[in-house]
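Heads up: numbering here begins at 1 and tracks the sequence. Not measured: the values here are computed from a predicted model.
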Amino acid sequence: MSFTCNQNLRQAAGQRAARAGSALLAVFDEALRNAMVRRFVSMGVDIVYEAEDVTEMMRLADHVPAGDVAVVDLSHRAYHALGLLKGRGWSSVIAMTSGKRPAELRFAVRAGADGWLVNPSAPVASAPQPVRDAAGPDVLSAREVEVVRLVAEGMTNADIGAELRLSSLTVKSHMTRIGRKLLVGDRAGIVAVAMRAGLVT
């Protein structure tokens, strides 16, 4: 199995491998992780730490010395680990993305990633998807898009509920799901992402 990355990352990884250091691979697909271990070893990396899930990745981050390259699989949305590893002294922290969600890369860079590579194991959609926020990593339902547009108009949860004939609690639940999908924590962030995606003007 092979994996692809941008040219700058490939060159940087090669340079670091030439120094025969260490790498951390927090890649959750076993076959892909094994293939990457072989690739890193062939490049001259002395020590390759492997993590099969987020818990193991965090344990390794706490107990192994910082090395040259850490690759973090974002399929479990472990964005927090990027900044954590960078803060622990890892020279380069690389985000592995699905390659089909534009916001993944932006959020990864904001979280501390130095570069990115595409996960070749990521499923490819075989049919058109519902409304997708081009700046966010998940699909928004038609109802969620309605809520976002009303938020952008400055409406409170109570106002939105009255407009859509929903309870305030239901609107709050929609807001929570929208924030989770767009990886933002407040109304201003939701509106900003929606504006970049063209959902609101």
Side-chain angles (χ1 to χ4, degrees), residues 1-127 129 132-139 180-183:
M1 181 180 297
S2 63
F3 62 93
T4 60
C5 59
N6 63 15
Q7 186 174 2
N8 289 339
L9 172 59
R10 193 185 299 277
Q11 293 172 346
Q15 291 168 356
R16 287 180 174 79
R19 297 203 300 269
S22 62
L24 168 62
L25 300 182
V27 178
F28 308 134
D29 179 282
E30 183 177 7
L32 177 58
R33 187 174 67 252
N34 290 340
M36 292 180 69
V37 169
R38 291 192 295 271
R39 175 69 66 86
F40 272 74
V41 170
S42 73
M43 292 167 69
V45 178
D46 279 344
I47 302 172
V48 181
Y49 301 103
E50 300 178 54
E52 62 183 19
D53 54 34
V54 175
T55 300
E56 178 67 8
M57 173 179 60
M58 301 308 292
R59 189 190 70 79
L60 287 171
D62 286 337
H63 292 92
V64 305
D68 294 290
V69 180
V71 179
V72 179
D73 186 345
L74 294 182
S75 62
H76 293 185
R77 299 189 184 180
Y79 292 94
H80 63 286
L82 300 170
L84 183 148
L85 290 168
K86 196 68 179 176
R88 297 288 169 83
W90 285 85
S91 298
S92 288
V93 179
I94 309 302
M96 176 180 284
T97 76
S98 67
K100 61 179 183 174
R101 295 171 175 171
E104 277 187 325
L105 180 55
R106 283 195 291 273
F107 284 117
V109 171
R110 290 173 189 167
D114 297 298
W116 60 275
L117 57 84
V118 176
N119 184 344
S121 301
V124 177
S126 58
Q129 298 294 312
R132 177 180 294 278
D133 176 0
D138 282 303
V139 173
R180 185 166 59 245
K181 288 181 177 182
L182 302 185
L183 301 178

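The shortest side-chain heavy-atom distance between Arg33 and Asp73 does not fall under the 4.5 Å cut-off. Looking only at side-chain heavy atoms (C-beta outward), Asp53 and Glu56 come within less than 4.5 Å of each other. Considering only heavy atoms from C-beta on, Met57 comes within 4.5 Å of Val54 through its side chain. In this structure, Glu50 and Asn34 have side chains that are in contact, with non-hydrogen atoms separated by less than 4.5 Å. Side-chain atoms of Val64 and Leu24, non-hydrogen and from C-beta on, never get closer than 4.5 Å to each other.
For the pair Asp114 and Lys86, the salt-bridge criterion is met [side-chain N within less than 4.0 Å of a carboxylate O].
Taking each heavy atom of Val45 and Ile47 in turn, the nearest pair found is CG1-O, 3.4 Å. When every heavy atom of Leu82 is checked against every heavy atom of Ile94, the shortest pair comes out as CD2-O, 4.5 Å.
Residue Met96 forms a side-chain contact (heavy atoms from CB on, under 4.5 Å) with just one option from Asp29, Leu25, Leu74, Val27, and that option is Val27.
Note that CZ of Arg59 is 10.5 Å distant from OH of Tyr49, once rounded to the nearest 0.5 Å. For the atom pair CG of Leu60 and CG of Leu85, the computed distance is 9.5 Å after rounding to the nearest 0.5 Å.
Between the Asp68 side chain and the Ser22 main chain, a donor and an acceptor come within less than 3.5 Å of each other.
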